[in-house]
Amino acid sequence: MSLERPVPRLAGAWGALGLSGLGLAGLSLLLARQEAPAQLGPAQPGLWLVGITALLLLGAVGIRQSAQGEGHPARTVPAAATLILLVLAAEAALRAYAVPTGLIPTPSKVLEALWAARTVLWRDALTTFVYEALLGFVIGTLLGLGLALLSVRLRFLERGLLPYAALLSSVPIVALAPVVIKAVGLGVASKTIIVAVTVLFPVLINAVRGLHSAQSMHLDLMHSYAASAAQTFRDVRWPSALPFVFTALRVAAPLSLINAIVAEFFGTEGRGLGFRIQIEVGKFGLDVVWAAIVVASVLGISFYLVISLIERRILPGRR
Amino acid sequence: MRKFALLSALLAAAALPTVQAQTKLTPIRLQLKWFPQAQFAGFFVAQAKGYFKAEGLDVTLLPIGDQSPIQTVATGAADFGTTWITDLLTARQQGLPVVHIAQIFQKSGFTLVSLKASNIAKPADFKGKRVGVWPSGNEYPAIALLKKYNLTTSLDSTVASPSVQAVTYPFDPSIVFPDKVDLVSAMTYNEVDQIAGLGYSLDKLRIFRASDYGINLLEDLMFTSQKTLDDKDFKGSGLSGKEIAARLVRASLKGWNYAVKNQAEAVNIVLPLCGNTCKGSGTRADAKAHQTWQMAEVAKLYNAGATLQGKAGYLDPAAYKSNVALLKGVGLLKADPAAGAVDYSVWEAATKK
Amino acid sequence: MSEGGSGKWVVGSGNGQGRVQGMTTLPASTPRRVRRPSNLLPMLAVAVFAALIYWPVMLFANQGAAQKALDSGADLGCKTALACATQLRNPVIPAPGQFWVGMRSLSAQPFSATAAPYNALVTGGETLLGLGLAVVVGLALATLLVRSRSFERATLPWLVASQTVPVVALAPMLAVLLGQAGVQGFLPKALIAAYIAFFPVTIGMAQGLRSPDPLQRDLMQTYRASGPQTFLLLQLPASLPYLFTSLKVAATAALVGSIVAEISTISFSGLGKMLAENSRASDTVALWVIMVYGAALGIALVALIGLLERAVTRWRPVA
Amino acid sequence: MTHSLLPTSHSPPHSGPPIVSVRDLGMIFPVPGGQTVALQDANLEIMPGEFISLIGPSGCGKTTLLRLMADLISPTSGQLTVNGGTPRQAREARSYGYVFQAPALMEWRNVLGNVRLPLDVMNTPKDSRAARAREMLRLVGLEKFERSYPWQLSGGMQQRVSIARALAPGPALLFMDEPFGALDEITRENLNLELLRLWRETGKTVVFVTHSISEAVFLSSRVVVMTARPGKIEGIVNIDLPQPRGEESREDPRFFQYATEIRELLRRGHE
């Protein structure tokens, strides 16, 4: 579709990117002196903003040029440069407008908080990610797969239960959190259960869909070999179901972390990223709040990537 | 002829604003700290009785859930707000230019409640117990109280083995009490009655009022942003922000004075305004009864301290100083707030005192 | 519940996703067009079974809570845990009678400010507006992604990352910032819903815009069709089925978004606001009623999108 | 777009300048780790009114040659003129119709809408589009199906729609890339007859890519035999069977001679 120049012009790209990045970093440093304002609103925000926008545009040109071609840098530089430039621009803009930390912290403040609160955030992440999200994810997946196998074997169950599962999957599960926490308690277990329930339905629905996706030609082939039901399952049904299951898992992975955090808003025993966010919001420690969000985000992406990696390992050559 | 008519119409339109400046009401958004309930009776009364209008103000009262009103005011989404002093001072520490202008409640209504059967007789007994607190900035009275008795909580991330296990939950005491915690947070005017509604009549409860133990962290106060106070012509009203603030405080205090004197009437004004939050819980799930309780309790918080000396709305400097000391003690404040944190001139202009 | 008989050309099969590796579920092609027996009877049987076990499950859940309350000396107006189980004022699971009373009291005057139907309509409206915004943004982003490889390389990783950010943590701040810009009331919640919904829509649309086969593109080239003509006559109609599939996924998420936004921002109405209020007032029965309304709303939204899909993509064979 | 579709006196071949002229044409595709010579030193002239078939094994460059003529790709060497200009000019003048291996119909347009598509794109007068599309449908015998959607038609019917679509703007030149390759033998022979009738009635020049020797002999006035690796033109066979042709033409002894000749050429290229 897009007619892009075939000649990589990385050299020019580096120039534009470097200039833009250095400019934005310089602006931020210049503006650093303008901290601790008496009130919202800068001296000359318009002027600063024009500068920031101009540098961003320059960076955009650089990003465009660096994205040409098929080399490794052409595939990695643009995304990295986008992040770096946007972070720098946010830093400069927030400083130009002298936005207080209690409202939106500058990226540098968030980085500082990330470092200063590293042990606390590490413990919180451990609770939220490992015990709530990951455990709930595993339980929900296993339950979903089990139910899927069961309902594929028992047609009655499939026809009676699955329509409800599909309906339930369009129910906002957050509404469940207060009730589960009330019934189960404030500890980690209630969050694990909530995550498991949110993972269960998509896995169940996709697994059943996948188990039915086997091509009839393949099934006929197995039939012609007089293969047993177990063999047919192992060699045809299960492999054709896997891509569907992995699609559900990839969606569910980051979602399980987010749901664990949401569930923590409804009660904790004093641990977890959701708990930390609530506590720090109360103190207007928004730098720590954003640090927690960054941690959650990085964990969510990593979880997603790991699932994708496993998928590629298990389904070689299918993607 | 036509041309002339048009011209005169234009002239009239141009003249209008100056003529209307006296009669046109200035729109004001006042951010309450919670959903509508008798906790804010004074403001609702001022609204219903036309006290705001008499001051030339057209006030919209905004409700909020468990967030801080500070942010809505600091960003200009609201012009004025009510909040707790802890909230205001921590916000200022983080660079949010908000200013205290009037103190409505002169006494803290924060309590920790336990069952008498659990044999917790004094704060020292809290050691090793489980305490339920509300996150998002409402946990500090509890922390300060515990701190006073050298107890540490799991809310403090620097403490390796806390002597009290704190749990967080979203306000509803029935989620945790009494099976999941030994002590539960409760405001005298709200949750105490809710707990009673769960089937624990007051004689079965032991109520530790923070104020009884010298932890009198002030609650509902009125504040605004520095920007509003510095405004020379607030929203084109021709009046300065300070003058508007003074009028708002004057009308609000008038409302409050009326509400605490005529509690039944105030409750009747509040009832149609609050939705599902009006009702208590359990056996006391009756909106009117619960709001009547609330009004009576709130009146006690209003009629205390400076109010008793005829200075309703005044922030007693001694109380303020002890509040700051408390918050520094629990590590929430790193230093004394700048002098600009409290602006007494608004209250003085409002009360002519 | 399958997308049965969607025709050969809906090629998304749960794994092949072209350049964009989305996190969204895909239109599954289950090309069998066999008339299956009605699910009504099995569904009914499952419903009856669920109704039958509801009572013992409810008794079990509430009896424990009642026993604990009685043990701690509460006066519940009943003597034994079993007797109390059906009349707790804030039960873990409401007895059918309690639920019915709660349902009636919250639905009696359907359009009063405290009634569930009215608030469900508000939430539904916010969600629909959010979905509408998501479609606009998603279409714009998808067009850019498909048109420009530079844009795709620079932004796609961050679009994926945006979905790992716990929006609930951001919702209050987002609402405050929007409030500063004068955006208040209905719109901030719709925007938060849109934030959640835009990603699946973007990925679905990008896939859809790429879905026309090369021959169809060549055909347009032989006509010397302009870029906009190819877009309007080929790519856009080809992407519609993908759009609706992704919208169904997005609808539930957007609903969660607007409910959470109602809980955590200044809100005068909506199911989320009701949820917050009633949770403060310890009214569990009301929470259950609101949950049921939320579930019905989720199902209604998905059904509405399904209807719209049938109306817009009338060329597709009926399953 | 001025070409009439109505039966004209069938202009005899080899009159006037060639409508397509191919000179020393070469096409090289880059592939991972090297390059593929898809077409080498191709030379060919196509006269107005001719029915030319390109035949050869997979990879002999026959589709490449057709796509070069249609300006769907650009050559790496040599000259190519179509309709007296460059292929690009020919495409931009919308002077040819193209029928693909698959029908490539728009699933969301009904049969009539699909035939109307080129008219919509080319912005012909709005009020005449539907009439024109119906006329084309009549020509391929599908006038009763104008409201059907593609999925409701058989493969053969779909391909007929795509032929009607290619004819709709009234081009003088028709490029057909194995249009009947995916169809069964009976359907294919029927469509062959129908195509011949269309060719006779409309006087178009057809360039037709096929795998099938008998199809090529039956349809063409000349058959261009191509061989693979590298793709090149092995020889050109004049098919001198009488017109109009019908089922009986397949029984003609010369039919078999031509088929044998083509087979020999193909074999020679294979060795």
Side-chain angles (χ1 to χ4, degrees), chain A residues 1-2 4 63-64 67 74-75 78-79 81-83 104 156 159-164 166-167 169-176 178-179 182-183 202 205-206 209-210 212-213 243-244 246-248 250-251 254 257-258 261-262 265 277 281 286 289 292-293 296-297 300-301 304 308 315 318-319, chain C residues 1-2 13-17 21 23-26 28 30 32 37 39 42-46 61 92-93 146-150 153-158 160-161 163-170 172-173 176-177 248 251-252 255-256 259-260 275 279 284 287-288 290-291 294-295 298-299 301-302:
Chain A
M1 272 306 295
S2 49
E4 314 222 11
I63 288 169
R64 212 186 119 72
R75 266 180 268 148
T82 306
L83 182 70
I104 312 172
F156 185 82
R159 288 164 52 203
L161 205 60
L162 220 58
Y164 289 113
L167 282 185
S169 70
S170 49
V171 167
I173 311 276
V174 271
L176 206 76
V179 175
K182 188 163 181 157
I205 290 168
N206 268 32
R209 203 181 265 178
H212 282 308
S213 74
F244 287 81
F246 270 109
T247 302
R250 255 184 298 124
V251 181
L257 189 65
I258 292 180
I261 291 175
V262 176
F265 286 2
I277 287 170
V281 162
L286 290 203
V289 171
I293 289 174
S297 209
I301 297 169
Y304 173 77
S308 306
L315 310 173
R318 283 226 239 155
R319 303 224 62 210
Chain C
M1 287 286 122
S2 76
S13 66
N15 55 341
Q17 298 181 21
Q21 293 180 4
M23 295 159 59
T24 167
T25 41
L26 296 155
T30 39
R32 30 192 95 191
N39 288 338
M43 281 178 75
L44 211 66
V46 170
V92 177
I93 301 176
V146 171
R147 287 249 155 164
S148 158
R149 193 173 40 183
S150 318
R153 285 181 171 169
T155 60
L156 188 61
W158 310 122
V160 175
Q163 295 308 292
T164 62
V165 172
V167 197
V168 274
L170 284 177
M173 294 177 241
V176 164
L177 291 176
K248 282 182 206 163
T252 318
L255 180 57
V256 174
I259 289 181
V260 168
L275 216 54
S279 138
T284 341
L287 291 188
W288 278 89
I290 297 163
M291 261 171 57
I299 292 163
L301 282 173
V302 173

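Numbers restart at 1 for each chain; the letters A, B, ... are given by sequence-line order, proteins then strands.
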On a heavy-atom basis, which atom in [X] and which in [Y] lie closest, and how many Å separate them?
X        : Y        : value
C:Val46  : A:Leu161 : CG1-CD1, 3.8 Å
A:Gly300 : C:Thr164 : C-CG2, 3.7 Å
A:Arg159 : C:Met43  : O-CG, 3.5 Å
C:Val92  : A:Ala183 : CG1-CB, 3.5 Å
A:Phe156 : C:Ala45  : CZ-CB, 3.6 Å

Heavy-atom distance under 4.5 Å to chain C: side chain of A:Ile277, backbone, both or neither?
side chain
To the nearest 0.5 Å, how far apart are CZ in C:Arg149 and CZ in A:Arg64?
10.0 Å
Can you list everything that forms a side-chain hydrogen bond (donor to acceptor under 3.5 Å, both in side chains) with A:Thr82? Sequence neighbours excluded, please.
none
With a 4.5 angstrom heavy-atom cut-off, could you sort out which part of C:Ala161 is near chain A: side chain, backbone, both or neither?
both
Evaluate the side-chain proximity of C:Gln163 to A:Pro254: yes if any heavy-atom separation is below 4.5 Å, no if none is.
no
Top residue by heavy-atom pair count (under 4.5 Å) with chain C, among A:Ile293, A:Leu257, A:Leu83, A:Ile104?
A:Leu83
Where do A:Tyr304 and C:Val160 land on the side-chain contact (heavy atoms from CB on, under 4.5 Å) test, with the steps shown first?
CA-CA 10 Å; A:Tyr304 173 77; C:Val160 175; 4.0 Å; yes
